[in-house]
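Okay, so here's the structure we're looking at.
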Amino acid sequence: MSETIILNGRDLTLEQVIEVSRFGAKVDLSQEAIEAVNASRKIIDDIVESKRTVYGVNTGFGSLVKVSIPQEETRQLQENLIRTHSSGFGDPLKEDEVRAIMLIRVNSLLKGYSGIRLSTIETLMAMLNNGVVPHIPEKGSLGASGDLAPLSHMVLPMLGLGRAFFNGELMTGKEAMEKAGVPVIHLEAKEGLALINGTTVLTGIGALATYDSIQLLKLSDIAGALSLEVHNGIVNAFDEELHIIRPQSGQLSTAKNIRGLIAGSTLTTPATSERVQDPYTLRCMPQIHGASKDTVAYVKTKVEIEINSVTDNPIITRSGDVISGGNFHGEPMAQPFDYLGIGAAEIGNVSERRVERLVNTNLSGLPSFLVKHPGVNSGFMITQYACASLASENKILAHPASVDSITSCENQEDFVSMGTTAARTARDIINNSRRIVATEIMAACQAIEFVSDRGTMGKGTQVAYDTFRKYVNFIDYDKDIEIYDELEKATEVLTSGVLLKAVEDVVDLEIEFDFK
């Protein structure tokens with residue numbers, strides 16, 4: 001974990017989001033950001049004092065924009081906004097997702113276009129640094145006007161309301177704040193709207209999903225390389241000369257990754273006159289995995305723009321103008337996150353087909369279901385069924401959320417993004433595909449036992465096999481077991497990062513090809 005991350009609203013990276021959300025890195029504010037926030041707040045204070053009519057400051061919200069709010073009720077207006085908008089449903093978002101959301105919201109507000117008080121931002125930052133995790137139901141956002149419902153749940157504990165987790169225990173928001181030593185606050189003019197009107201929830205969930213998809217793609221190359229060795233795969237399909245004439249970045253990087261993983265292998269083979277080519281799921285890994293890599297690389301660029309953007313409304317300009325626009329609209333991220341889900345689904349699809357190839361005696365030449373006595377023992381039979389189920393579910397989840405819209409707020413908000421649904425489904429697809437890839441690695445390592453006497457493994461695949469075997473045992477050919485527990489161990493080896501780290505210590509795995 002790095003030292004304290006200084007936020008300025010401009011250069012937060014995806015890797016820093018991971019450090020804060022999953023590894024507890026602390027954050028602080030730059031002096032430049034503090035000055036920008038204070039200047040923006042002064043403009044709001046002047047507006048309130050002059051009784052100038054500005055949306056969300058002294059008017060109602062949405063279609064109630066024409067309702068004027070007396071100055072003495074502007075504080076109540078903001079707190080009412082949070083109470084009424086906290087209408088989410090479903091299981092709570094995971095702790096790392098909530099922490100990512102809080103971090104991105106702080107970073108966005110620091111740009112100094114939102115009119116919020118510095119002390120309010122500092123309260124949210126103190127919650128993040130001291131372990132207060134608001135209870136945020138995962139469903140209920142349209143992705144425009146921002147993530148109103150889930151962000152309202154984020155704000156409730158700031159006011160001593162709602163619920164929050166502290167040290168893993170769910171309690172009232174007030175109690176969590178007290179235990180963390182963070183004083184609760186009252187909201188002033190514009191602050192409720194500044195806190196909840198933005199794309200932060202969909203971006204936070206999607207940012208973590210994007211990071212996880214990068215790891216998944218590298219793991220899929222490891223899984224594919226192991227399968228290639230089991231099947232005495234033909235290496236010519238990965239020659240650089242083949243791929244530089246179709247210089248798609250992801251394709252080039254995948255071919256390079258596979259070459260690195262199988263370097264030195266004698267379980268793979270060059271093409272011969274008798275055996276020219278392998279099936280697509282082996283031969284076309286650069287093209288299939290590579291397409292998903294290109295998808296993820298594109299989404300990552302969009303994520304890193306969004307986590308450093310101002311996404312609320314109205315915007316307070318440096319000159320003091322107030323612009324009512326649509327930066328809260330999630331469409332610029334909804335489509336990329338749909339795309340992310342499609343890319344991850346394809347990784348699950350191709351991995352499931354390789355699982356079938358590993359366990360099917362007609363395709364592998366190995367004993368059926370990787371056991372010595374098929375019939376008495378079922379071995380890996382149903383692992384493929386489970387993978388097929390997950391792959392099929394992914395195809396349903398991959399239907400793009402962003403092509404849907406339901407009008408809201410008396411037809412004022414008449415086209416919405418469904419971006420939060422896109423981010424959540426991308427996350428779920430990635431989790432499903434990770435389980436499929438874990439199953440492929442487990443089956444491939446089992447199958448290696450049948451072919452190990454035919455030659456030696458590659459530089460990267462040997463490390464992958466050795467590392468995997470530290471956590472997941474070989475399944476005896478003569479004995480069926482409760483295989484779920486081993487599948488859980490296999491999945492954890494991937495999720496924890498231990499397998500990927502071990503392999504990357506000897507092989508530099510890429511997502512994007514370096515054309516330099």
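Between the Ser309 side chain and the Thr311 main chain, no donor and acceptor come within less than 3.5 Å of each other. Remark: side-chain polar atoms of Ser405 are paired, donor with acceptor, to backbone N or O of Val416 under 3.5 angstrom. For the pair His135 (side chain) and Gly162 (backbone), a donor-acceptor distance under 3.5 Å is absent. Of the possible donor and acceptor atoms, one in the side chain of Arg469 sits under 3.5 Å from a partner among the backbone N and O of Val472. Asn107 places no side-chain N or O within 3.5 Å of a backbone atom of Leu7 that could act as its donor or acceptor partner. Using a distance-only test at 3.5 Å, with no hydrogens or angles considered, a donor-acceptor pair links the side chain of Asn327 to the main chain of Val310. Between the side chain of Arg163 and the main chain of Met171, no donor-acceptor pair closer than 3.5 Å is present. The backbone N or O of Arg22 sits nowhere less than 3.5 Å from a side-chain atom of Asp96 that would complete a donor-acceptor pair. A distance-only check finds no donor-acceptor pair linking the side chain of Asp147 to the backbone of Ile196 [under 3.5 Å]. At least one donor-acceptor pair closer than 3.5 Å links the side chain of Ser220 to the backbone N or O of Leu217.
To the nearest 0.5 Å, atoms NZ (Lys300) and OG (Ser213) are separated by 10.5 Å. We find the CG-CD1 distance between Leu499 and Ile441 to be 5.5 Å, quoted to the nearest 0.5 Å. Glu19 CD to Arg99 CZ: the interatomic distance, rounded to the nearest 0.5 Å, is 12.0 Å. Taking CZ of Phe238 as the start and OG1 of Thr268 as the end, the distance is 9.0 Å to the nearest 0.5 Å. With values rounded to the nearest 0.5 angstrom, Leu93 atom CG is found 12.0 Å from Met154 atom CE. One distance of note links CG of Asn432 with CD of Glu393; it measures 4.5 Å at 0.5 Å rounding.
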Legend entry - Candidate pair Leu358 and His231, rule side chain to side chain contact (heavy atoms under 4.5 Å, CB included), full reasoning: CA-CA 8 Å; Leu358 287 164; His231 296 294; 3.7 Å; yes
Inset, instruction - Assess whether salt bridge (Lys or Arg N to Asp or Glu O under 4.0 Å) is satisfied between Asp466 and Lys470, documenting all intermediate values. - result: CA-CA 7 Å; Asp466 292 341; Lys470 291 178 182 178; over 6 Å; no
Inset, instruction - Start with the C-alpha distance between Leu151 and Ile101, add both sets of side-chain angles, then the distance that settles side chain to side chain contact (heavy atoms under 4.5 Å, CB included), and finish with yes or no. - result: CA-CA 9 Å; Leu151 284 175; Ile101 290 163; 3.8 Å; yes
Legend entry - Worked verdict on Val303 versus Val299 for side chain to side chain contact (heavy atoms under 4.5 Å, CB included): CA-CA 6 Å; Val303 166; Val299 176; 4.1 Å; yes
Inset, instruction - Assess whether side chain to side chain donor-acceptor pair (under 3.5 Å) is satisfied between Ser249 and Lys293, documenting all intermediate values. - result: CA-CA 8 Å; Ser249 177; Lys293 287 186 175 70; over 6 Å; no
Inset, instruction - Run the numbers on Glu306 and Thr199 for side chain to side chain donor-acceptor pair (under 3.5 Å), then give the verdict. - result: CA-CA 8 Å; Glu306 196 73 358; Thr199 63; 2.7 Å; yes
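Every residue two or more places apart in sequence or in another chain that forms a salt bridge (Lys or Arg N to Asp or Glu O under 4.0 Å) with Lys256 is listed here: Glu510. For Tyr385, the side chain to side chain contact (heavy atoms under 4.5 Å, CB included) partners at least two apart in sequence or on another chain are Met381, Ile382. Checked against side chain to side chain contact (heavy atoms under 4.5 Å, CB included), Tyr339 has the following partners two or more places apart in sequence or in another chain: Thr295, Tyr298. Judged as a side chain to side chain contact (heavy atoms under 4.5 Å, CB included), and not counting sequence neighbours, the contacts of Glu274 are Thr272. Considering only residues two or more places apart in sequence or on other chains, Asp338 meets the side chain to side chain contact (heavy atoms under 4.5 Å, CB included) condition with Pro400, Ala401, Ser402, Ala422.
Residues Glu15 and Glu304 meet the side-chain proximity criterion, which asks for heavy atoms closer than 4.5 Å. The side-chain heavy atoms of Leu366 and Val230, taken from C-beta on, include a pair separated by under 4.5 Å. Side chains of Arg246 and Gln251 form a contact here, defined as non-hydrogen atoms less than 4.5 Å apart. Between His329 and Phe415, the closest side-chain pair of non-hydrogen atoms falls below 4.5 Å. By the 4.5 Å heavy-atom criterion applied to side chains, Phe450 and Leu370 are counted as neighbours. Two residues are said to be in side-chain contact when any heavy atoms from C-beta on lie closer than 4.5 Å; Ser408 and Leu142 meet this criterion. With a 4.5 Å cut-off on side-chain heavy atoms, Asn394 and Glu346 do not count as touching. Side chains of Ile347 and Ser292 form a contact here, defined as non-hydrogen atoms less than 4.5 Å apart.
Between Glu486 and Lys489 there is a salt bridge, since at least one side-chain N of the basic residue sits less than 4.0 Å from a carboxylate O of the acidic one. Taking the charged nitrogens against the carboxylate oxygens, Arg259 and Asp221 have no contact shorter than 4.0 Å, which rules out a salt bridge.
With hydrogens and angles left out, the side-chain atoms of Ser141 and Thr420 include a donor and acceptor closer than 3.5 Å. Between the side chains of Ser265 and Glu229, a donor-acceptor pair is found at a separation under 3.5 Å. Side-chain contact annotation: Thr439 with Thr383, donor-acceptor N/O pair under 3.5 Å absent.
Scanning both residues, Val350 and His289, for their nearest heavy atoms gives CG1-NE2, 3.9 Å.
Within the structure, every pair that satisfies the salt bridge (charged side-chain N to carboxylate O under 4.0 Å, His left out) test and touches residues 419-443, not counting sequence neighbours, is listed here: Glu97-Arg427, Glu138-Arg427, Asp212-Arg434, Arg354-Glu440, Arg435-Glu488.
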